[in-house]
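Working notes, beginning with the structure itself.
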Amino acid sequence: MKTQSFTLPVSTSAGEFLAHYSQRGLAGLNFPGRHSSVRAAKPDDGIPAEVSEWHRTTGSALNKLLAGQKQVKFPPLDLAGTDFQKSVWHEMLKIASGKTKSYGEIAEAIGKPGAVRAVGGACGANPIPVFVPCHRVLAANKKIGGFSSGLHWKRRLLESEGIVL
DNA sequence: TCCGTATTGAACT
DNA sequence: AGTTCAATACGGA
């Protein structure tokens, strides 16, 4: 059987995000593209009820996060990656809103203090930015570092959470 | 096996 | 104070 995936648009104040769902949960999230018209599924056609519910939660969570809301409810996350990457992502999920950690802190937290750069790599491979708060991870001297989907977004998200650089 | 990476800390100018 | 350099861990080609 083939892995079914569904892509649904998420309307936010910042634009239309695209959420990818697998059978296990939210598998990916894309920032609003220019006019990258990705084929999005219709909410009422072939979409399992479960996915619809996840999507509803996703939309709510995303808007709240963009508004700077601290505690939001997440849909199940289907994080696909290597063991190391999952460790990194899991560690990042534990970062409280409004707080930041350095790449070194993450590396140390997962038991590999020297893997600072590898952590950065895992972050770049993060399929679900915003939910997996890779934007809360800064360099050691509080520099913003980088952001795959656009540094622009990282800065915006940080400001939404009241984090001042 | 080699290269790139969203780092880091120390040395150098 | 700004910049360069080597080291380190992991993923992808």
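Naming convention: chains lettered A, B, ... in sequence-line order (proteins, then strands); numbering from 1 in each chain.
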When rounded to whole Å, the CG to C1' distance for the pair A:L138 and B:dT8 reads 14 Å
Atom CZ of A:F84 and atom P of C:dA9: how far apart are they, to the nearest Å?
-> 10 Å
For A:H20 and A:S5, run side-chain hydrogen bond (donor to acceptor under 3.5 Å, both in side chains): C-alpha distance rounded to whole Å, both residues' side-chain angles, the deciding distance at 0.1 Å, then the answer.
-> CA-CA 7 Å; A:H20 301 280; A:S5 66; over 6 Å; no
Which part of the nucleic acid, if any, lies within contact of A:A118, taking any heavy atom under 4.0 Å across all strands shown: a base, the sugar-phosphate backbone alone, or nothing?
-> base
How many Å lie between CE on A:M92 and P on B:dA6, as a whole number?
-> 14 Å
Give a yes-or-no answer on whether the side chains of A:T7 and A:Y21 include a donor-acceptor pair shorter than 3.5 Å.
-> no
Return the residues of residues 122-133 of chain A meeting this criterion: a heavy atom under 4.0 Å from some atom of DNA chain B. Order them by number, or give none.
-> A:C123, A:G124
When rounded to the nearest 0.5 Å, the distance separating CZ of A:R156 from CZ of A:F147 is 12.5 Å
Atom pair NZ (A:K101) and CE (A:M92), whose distance is rounded to the nearest 0.5 Å = 11.0 Å
Quick one: sort the A:F31 and A:W153 rings into parallel, tilted or perpendicular, breaks at 30° and 60°.
-> parallel
Dot-bracket encoding per residue of DNA chain C, Watson-Crick/G-U cut-off under 3.5 Å, | denoting interstrand | |||||||.|||||
Spacing of A:Y103 atom OH relative to C:dA9 atom P, expressed in whole Å = 19 Å
Pairwise side-chain contact, A:I144 with A:L165, heavy-atom cut-off 4.5 Å (strictly under) = yes
Evaluate whether atom CG of A:D83 has more than 12 neighbouring non-hydrogen atoms of other residues, nucleotides or ligands under 6.0 angstrom away.
-> no
Is the shortest heavy-atom distance from the side chain of A:L26 to the side chain of A:I128 under 4.5 Å?
-> yes
Rounded to the nearest angstrom, tell me the gap between atom CD1 in A:I106 and atom C1' in B:dT5.
-> 17 Å
note: A:R117, atom CZ; B:dG9, atom P; distance rounded to Å ~ 13 Å
Separation between CD1 (A:I106) and CZ (A:R136), nearest 0.5 Å, reads 11.0 Å
When you measure from every atom of DNA chain B, which of residues 139-161 of chain A have a heavy atom less than 4.0 Å away?
-> A:A139, A:A140, A:G146, A:F147, A:S148
What closest approach, in Å, do A:A107 and A:A115 show between heavy atoms, and which atom pair accounts for it?
-> CB-C, 3.9 Å
Of the options A:F17, A:W89, A:F74, which is the one that meets A:F131 in a ring-ring contact (aromatic ring centres under 6.0 Å, His included)?
-> A:F74
Whole-Å distance, A:K101 NZ to B:dT7 C1', equals 16 Å
